[in-house]
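Notes follow once the structure below has been shown.
Counting begins at 1 with the first residue of the sequence.
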Amino acid sequence: MSVWMRRFVFVRAGTAPSVRAGLNLADLRRTLGRDAADRGVQTLVFTVTVGDPASPSNGARAQSAIALEEIRGSLSPGLATALEVARGLWGVSQAEKAGQPDLFAGADADESESWVNEPLAGVASQAMADELAVAANALPPWLEAIVCGGYGFLLPLGLRRRFFQSCSFGVNRSIAWLQTQAAAAAAGASGGQPSGGRLLRRDVVQVSRDHLLEHAQQIMLAYTTPTSLASVLEFRFQGERGLGAGVTASFYSAVAAAMHARGALGKLPLWVDSDSLAPVGEPITHPNGLFPMPLGRGHPRRGAVLAQFKFLGRLAARCLIDSQVLPLPLSLDFMRLVLAVSGGGAADDAPPPSATAVTAVTAEAAALAPRDLPRVYAEPGAVLLRLSRALHTTSTPETSTLETSTVADAATAAAQLDGMPLSDWLEAACLSMVDPLSGERLACAAGPGEAPAVTPANVHHFVGELLLKWLGYGVVPQAQAFVAGCAEAFPARKLRAFSAAELRDQLCGQEPLDWPLEYLEAVVSPGAGYTRNSEPFRALLHCLSDMDLPTKRRFLLFVLGCPRLPPGGLGGLTPPLEVSRRQQGGFASSFASEEQVNRDLPFARTCTHTLHLPPYSNQATLLEKLIYAMDNSRDIIDRD
């Protein structure tokens with residue numbers, strides 16, 4: 001449906017306190033793509049006025065009069081309508097971008113900020129400035145309704161992150177977070193560890209690398225209860241001397257690696273694997289991130305799989321609470337499913353949405369659609385989508401349980417796939433009524449003997465059952481288990497303060513995709529023995545800028561204890577990454593020969609984010625020694 005009106009003005013008259021909010025949505029071309037005008041999309045500017053614009057504002061107290069039911073529409077129909085329209089437009093834009101990522105490749109990378117409502121953000125910031133209300137969890141109810149109720153895109157990410165960190169984990173954590181922010185502001189810093197308050201005790205737990213997952217499961221079960229949130233969790237490895245923030249980061253990195261290693265956990269079918277022929281022990285890979293393996297309701301290991309996803313939820317909750325990074329490459333689609341479940345949507349027996357219907361819903365409510373199949377399941381998903389489109393399959397209860405009939409037979413006989421009649425394609429493909437991912441026999445083909453072949457007579461059952469399983473009951477329980485694990489520590493609805501991409505960055509960290517030399521010069525600091533003009537320091541920056549992505553991950557693991565970066569990238573590290581000069585073999589720098597210098601290896605202090613680098617004679621030697629040190633320091637933290 002084309003929209004032609006350029007401005008909507010909603011006015012509510014009455015004697016209620018004056019509240020004014022302007023929803024200034026940026027040009028939808030930035031949101032819907034550069035060719036939006038060619039598709040008949042017009043620019044919309046929403047101006048919402050509640051009360052008398054001429055009357056003086058009563059500040060934050062007046063804004064607090066907007067209650068949750070007003071946002072829902074019972075007390076302020078104009079405001080509610082405007083918010084719902086804005087959310088609908090935002091949802092459509094996100095669904096379009098998720099379904100056609102190539103089309104929006106040239107869009108503004110920071111496009112989400114164009115939806116921010118500055119007046120509303122100012123009011124929300126005023127409310128968050130009341131430290132007593134924050135500590136007592138007594139913020140006005142409309143604030144959480146907007147942040148976690150599907151309207152968070154109207155507020156900047158920094159404000160939503162403040163809300164999440166300060167209002168999700170109980171009174172002790174709130175006060176500690178406020179103390180940390182006050183101390184950082186007093187010192188002139190830009191931030192700090194939210195868990196650095198004096199009210200929080202530090203519990204050091206020793207774990208064994210040989211029983212890492214077993215110990216991690218026991219610890220997370222004990223430390224995700226509401227009473228355990230008053231402590232900051234630190235780890236040390238049995239038989240190793242390292243202790244501190246770097247070792248703790250290394251613990252979460254090791255657990256994340258074990259959670260997606262092939263053959264781990266008794267070969268539980270946790271994730272969709274794009275390379276099933278890779279050797280045991282190698283990480284499970286997927287070009288778009290990890291997504292749960294769809295499992296039938298009768299799968300013999302379904303209970304064990306759900307238990308692991310609940311553990312993963314507890315682990316994620318603890319990382320979010322302690323501001324740690326869990327470097328598990330989860331997919332955006334799994335994050336969308338998690339957000340849908342945390343909001344009470346995406347029932348596991350609900351049919352997937354239509355492949356063709358376009359509705360004004362949020363991206364999280366849509367969760368997964370048939371057009372997502374190739375992105376989530378690679379080639380098997382692409383085949384299923386082509387079959388679905390060839391049959392004109394719509395994901396309604398009628399079509400997903402379609403009985404063989406004259407109409408169905410006629411549609412199948414006329415269907416074409418890959419330039420040939422569907423019957424010929426099915427004969428050449430040699431499909432059977434078995435899930436091609438898990439190898440399970442489909443429920444619609446229950447019975448003794450081997451699973452029957454897919455024919456024109458039963459292809460509707462095959463397609464409908466796989467759509468229900470791959471987009472519904474086969475994957476939603478894993479997301480529900482993940483959310484249930486998080487909910488043991490804090491209300492799961494608080495996760496909806498973030499979009500799927502923001503939540504993944506907050507939990508799993510950011511990939512070091514691009515380190516131009518100018519950026520490294522700004523975020524990497526020289527330490528003792530070096531200046532910004534020192535040749536070894538400059539040579540290191542050039543090496544880092546030229547590294548490929550796998551080598552950058554190894555460097556981060558070596559220096560930080562984690563192969564991914566927190567939100568903000570290298571510039572968001574506290575303390576910042578520092579490069580100091582290493583003394584050579586006990587000799588003073590001025591007396592060490594070039595040969596002695598070139599024999600030494602660099603080492604790192606992960607707790608202080610410090611790389612101790614010898615003053616190598618040339619860049620080639622520096623790179624060689626650095627890579628050697630990174631490759632031979634696996635499972636060893638802070639040992640020189």
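When atom types are taken as modelled, the side chain of Ser331 and the backbone of Leu290 share a donor-acceptor pair closer than 3.5 angstrom. A donor-acceptor pair under 3.5 Å is formed between the side chain of Tyr616 and the backbone N or O of Asp600. A distance-only check finds a donor-acceptor pair linking the side chain of Arg532 to the backbone of Glu521 [under 3.5 Å]. Distance alone, capped at 3.5 Å, places no donor-acceptor pair between the Ser525 side chain and the Glu578 backbone. Without hydrogens or angle criteria, Ser174 side chain to Ser166 main chain gives a donor-acceptor distance under 3.5 Å.
Put simply, the side chain of Leu495 reaches to within 4.5 Å of the side chain of Phe490, judged on heavy atoms. When side chains are defined from C-beta on, Gln165 counts as touching Gln506, because their heavy atoms get closer than 4.5 Å. Side chains of Phe251 and Val247 form no contact here, defined as non-hydrogen atoms less than 4.5 Å apart. You'll find the side chain of Val272 stays beyond 4.5 Å of the side chain of Ser274, heavy atoms only. For the pair Val134 and Cys167, the minimum side-chain heavy-atom distance is below 4.5 Å. Contact check for Arg582 versus Pro602: no side-chain heavy atoms found under the 4.5 Å cut-off. Looking at Leu540 and Leu520, their side chains never come closer than 4.5 Å, going by heavy atoms from C-beta outward. Residues Met335 and Phe498 form no side-chain contact, since every pair of their non-hydrogen atoms from C-beta on lies 4.5 Å or further apart.
Applying the 6.0 Å contact sphere to CD of Gln206 captures more than 12 heavy atoms from other residues, nucleotides or ligands.
Heavy-atom minimum distance, Arg162 versus Ala129: NH2-N, 4.5 Å. Looking at every heavy atom in both residues, Phe291 comes nearest to Val376 through CD2-CG1, 3.3 Å. The two residues Phe482 and Ala316 have their closest heavy-atom pair at CZ-CB, 3.6 Å. What you find for Pro536 and Pro615 is that their closest heavy atoms are CG-CA, 3.7 Å. Gly246 and Thr606 get closest at one heavy-atom pair: CA-OG1, 3.0 Å. Nearest approach of Ser342 to Arg496, heavy atoms of both residues: OG-CG, 3.3 Å.
Taking CG of Leu315 as the reference point, atom CE of Met259 lies at 7.5 Å (rounded to 0.5 Å). To the nearest 0.5 Å, atoms NE2 (His612) and CG (Leu601) are separated by 14.0 Å. Taking CZ of Phe555 as the start and CG of Leu560 as the end, the distance is 7.5 Å to the nearest 0.5 Å. Put simply, CG on Leu155 and CD1 on Ile146 are 6.5 Å apart, with the number rounded to the nearest 0.5 Å. Asn172 CG to Leu229 CG: the interatomic distance, rounded to the nearest 0.5 Å, is 9.0 Å. In this structure, CZ on Arg318 lies 5.0 Å from OG on Ser228, to the nearest 0.5 angstrom.
Of the residues listed (Arg262, His286, His260), the one engaging Asp273 in a side chain to side chain donor-acceptor pair (under 3.5 Å) is Arg262, and it is the only one.
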Could you walk me through whether Glu144 and Arg493 pass the side-chain contact (heavy atoms from CB on, under 4.5 Å) test, one step at a time? CA-CA 10 Å; Glu144 181 171 344; Arg493 68 179 181 275; 2.5 Å; yes
Take Ser253 and Ser250 through the side chain to side chain donor-acceptor pair (under 3.5 Å) test and state the conclusion after the steps.
CA-CA 5 Å; Ser253 298; Ser250 177; 5.8 Å; no
Between Leu577 and Val523, is a side-chain contact (heavy atoms from CB on, under 4.5 Å) present by the stated rule, with each step listed?
CA-CA 7 Å; Leu577 180 60; Val523 299; over 6 Å; no
**Message:** Walk me through whether Val255 and Phe311 qualify under side-chain contact (heavy atoms from CB on, under 4.5 Å).
**Reply:** CA-CA 11 Å; Val255 173; Phe311 157 67; 4.2 Å; yes
- Task: Kindly determine whether Leu312 and Gln478 satisfy side-chain contact (heavy atoms from CB on, under 4.5 Å), including the steps that lead there.
- Result: CA-CA 10 Å; Leu312 184 58; Gln478 289 91 314; over 6 Å; no
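Partners of Thr248 according to the side-chain contact (heavy atoms from CB on, under 4.5 Å) rule, which considers only residues two or more places apart in sequence or in another chain, are Glu234, Phe235, Tyr252, Gln324. Qualifying side chain to side chain donor-acceptor pair (under 3.5 Å) partners for Tyr223, counting only residues two or more places apart in sequence or in other chains: Asp203.
Between the side chains of Gln217 and Gln308, a donor-acceptor pair is found at a separation under 3.5 Å.
A salt bridge is defined here as a Lys NZ or Arg NE, NH1 or NH2 lying under 4.0 Å from an Asp or Glu carboxylate O, and Arg173 with Asp322 meets this definition. Ion pairing between Lys310 and Glu488 holds under the 4.0 Å rule for side-chain N and carboxylate O.
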